[in-house]
Structures are given as C-alpha cells and as structure tokens.
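So the structure is just underneath, and the comments pick up after that.
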Amino acid sequence: MFDNPSCINCVFKSPATKFLSDNEIIQLEQNCAVAELKPGEKIFKQGVFSSNIIYLKKGIVKLHIEGPYKEQILKITKGPTYLGIPTTFDEKYYRYSATTVEETGVCFINIETFRKFVQENGKFAYEIIIELCKSEISLFKKCINRSQKNARGRIADALLFLKEEIYEESSFRLPLTRNELGDYVNTTRESVSRILNEFHNEKIIKVTGRDISILNEKLLNIISKTG
DNA sequence: GCATTAACCACAG
DNA sequence: CTGTGGTTAATGC
C-alpha cells in the first residue's frame with residue numbers, strides 16, 4: 001500500500017512545493033508516505049489523533065463531521081489540494097473526517113516536517129495561506145447557500161458547484177448518494193429525490209440514476225439564486 | 001382560513 | 001439505495 005515517494009519528479013507537485021529547495025524536497029521525501037485509495041476509504045477520521053497533513057494529489061474527497069443529530073458533509077473537494085491543515089496544525093485530534101468518493105492518490109506528510117517548511121520558507125507558506133483563503137471564501141458561500149435558500153435553490157447550487165468546481169463538465173456522475181447529497185445541502189434524501197425528479201421533468205437536467213446532465217444551466221442558475 | 005414548503009414515516013422495488 | 005404517497009408542522013398572505 002505504501003511506496004517511497006519521489007517528490008522531485010512528482011507530476012502532481014503542489015504550487016507550494018514548487019518553492020521548496022532541493023534540500024527541503026529531500027526532507028519531504030523522507031517524511032512522507034504515498035497511498036492509493038479506493039472509493040469510500042477513510043483518509044482520516046474525526047476524533048482520532050492527528051499527526052499528518054494530507055496532500056491529495058488526485059481524486060475527489062468529502063469532508064464531513066458528525067453533528068449532534070446527523071452527519072454533515074462540509075465540503076467536497078478535489079486534488080491537488082491539502083487536507084487537514086486546520087485540524088492538524090494546531091489541534092491534537094481531527095475535528096472532522098475525510099473520505100474518498102473515487103480513486104484517490106494521497107501523500108501523508110509528517111506534521112513537523114510540514115511545520116518546518118511553513119516556518120522557514122515564506123513562499124511555501126504564502127501558497128498555503130492562499131489555499132486556506134480560497135477554502136474559507138468557498139465555505140462562506142456554502143454557508144449562505146445552506147442558510148438562505150430553499151431546497152430547490154440549495155440543490156441547484158450543489159449541481160452547479162459540481163459542474164463548475166469539480167468536474168468542469170455539464171455531464172457527470174454524482175459522487176454521493178441521495179442521502180449524502182441531502183447531508184451536503186441540509187435536506188432529506190426524500191427531498192433530494194423529489195427535487196432531482198422535478199428538475200428532470202422540467203427539462204433542466206437529465207437524471208439517470210447517478211448520472212446527471214445539465215440541460216438548462218441558465219435556469220438552474222436562476223433557481224440557485226432565487227429558489 | 002388557505003397555500004406552500006419540507007420534514008417525517010412507511011412501504012416497495 | 002431510491003422513489004412515492006400520505007401526513008403533519010410551520011410560515012406567510
């Protein structure tokens with residue numbers, strides 16, 4: 001499952017690691033483990049001692065948290081990106097979980113090594129900050145989406161997000177079950193089912209099981225804004 | 001009151 | 001894991 005990585009020649013090198021010196025790259029290689037994960041595998045789990053920063057090279061991942069009543073999917077993200085910085089850098093335990101939703105390549109990076117790069121290499125640190133900023137802004141959007149829109153609007157928003165930010169195509173296969181999509185946009189699986197069917201009947205999207213094609217993006221945009 | 005929205009429940013593929 | 005129908009509670013004219 002684990003291989004010794006060759007970071008210098010990695011084709012998935014992150015913007016941040018491009019600023020590492022040769023010496024630092026060697027340190028990275030010595031303090032990092034690579035793994036290929038199948039869909040549905042946990043990368044890390046809420047409540048467990050956190051000791052690694054994860055670099056997601058490729059693949060799609062859901063970040064989720066066990067709330068007082070039910071599961072909440074916080075965000076869906078794809079590589080290349082780092083995972084777990086907020087919960088590993090300054091916290092003892094993972095405050096949320098990360099689970100793959102498709103074939104995924106990850107690197108587990110020792111937190112002390114990562115911390116050292118941030119402290120000693122300004123350009124590296126700058127790239128990390130940029131990524132954290134983007135993530136926070138995107139979460140602000142989701143916050144508004146979840147709290148100020150009706151169910152149709154929230155689902156429309158999620159479909160547009162998947163199209164634009166994840167797949168970059170109008171047709172894609174839902175990475176989540178209806179239930180999980182509900183956990184993502186704060187609704188029930190029944191409502192997700194019904195609304196996807198409504199969109200289908202209104203010729204806004206084409207739904208075949210988990211396969212989605214967006215037919216009328218303009219209308220979907222309007223729905224995502226107004227419900 | 002009346003309509004709309006969405007959650008909850010139950011049952012069936 | 002999904003889809004559907006009935007019911008119910010909350011909210012807004």
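Each chain gets a letter, A, B and so on, in the order the sequences are listed, and its residues count up from 1.
Contact check, Ser191(A) against dT5(B): no side-chain N or O comes under 4.0 Å of OP1 or OP2. At the phosphate of dT2(C), neither OP1 nor OP2 sits under 4.0 Å from any side-chain N or O atom of Ser193(A).
If you look at Phe114(A) and Phe124(A), their ring centroids are closer than 6.0 Å.
The closest side-chain donor-acceptor pair between Gln72(A) and Asn186(A) falls under 3.5 angstrom.
For the pair Lys70(A) NZ and dC8(B) C1', the computed distance is 13 Å after rounding to whole Å. One atom, NE2 of His200(A), and another, C1' of dT4(C), lie 16 Å apart when rounded to the nearest Å. Distance, Ile212(A) CD1 to dT2(C) C1': 13 Å, rounded to whole Å. Atoms CD1 (Ile195(A)) and P (dT2(C)) sit 15 Å apart, rounded to a whole Å. In this structure, Phe199(A) atom CZ and dG3(C) atom C1' are separated by 17 Å, rounded to whole Å. Nucleotide dG5(C) holds its P atom 12 Å from the CD atom of Glu198(A), rounded to whole Å. Taking atom CZ on Arg194(A) and atom C1' on dT5(B), their separation rounds to 11 Å, with Å as the unit. Atom CD of Glu71(A) is separated from atom C1' of dC1(C) by 17 Å (rounded to the nearest Å).
In this structure, Asn121(A) CG and Glu24(A) CD are separated by 4.5 Å, a value rounded to the nearest 0.5 Å.
Because its NZ or CZ atom is both nearer than 6.0 Å to the ring centre of Phe161(A) and within 45° of the ring axis, Lys142(A) counts as a cation-pi partner of that residue.
Ranking dC11(B), dG5(C), dA6(B) by closeness to the Ala151(A) side chain, first place goes to dA6(B).
Judged by distance alone, with hydrogens and angles left aside, Glu190(A) brings no side-chain donor or acceptor close enough to the base of dC8(B) to form a pair under 3.5 Å.
Residue contacts shown for Arg210(A) are limited to sugar-phosphate atoms, with no base heavy atom under 4.0 Å away.
Within residues 171-184 of chain A, the residues approaching DNA chain C are Thr177(A), Arg178(A), by heavy-atom distance under 4.0 Å.
No path of Ile, Leu, Val, Met, Phe, Trp and Tyr side chains, each step under 4.5 Å between heavy atoms, connects Tyr184(A) with Val61(A), placing them in separate hydrophobic clusters.
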For residues 125-137 of chain A, which side-chain N or O atoms pair as donor and acceptor with protein atoms under 3.5 Å away, sequence neighbours left out?
residue: Glu131(A); atom: OE2; partner: Thr81(A); partner atom: OG1; Å: 2.5
residue: Glu131(A); atom: OE2; partner: Tyr82(A); partner atom: N; Å: 2.8
residue: Ser135(A); atom: OG; partner: Lys75(A); partner atom: NZ; Å: 2.9

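Residues Glu202(A) and Arg152(A) are paired through a salt bridge, judged by an N-O separation under 4.0 Å between the basic side chain and the carboxylate.
Of the two residues contacting DNA chain B, namely Lys149(A) and Arg189(A), the nearest-nucleotide position lying further toward the 5' end is that of Lys149(A).
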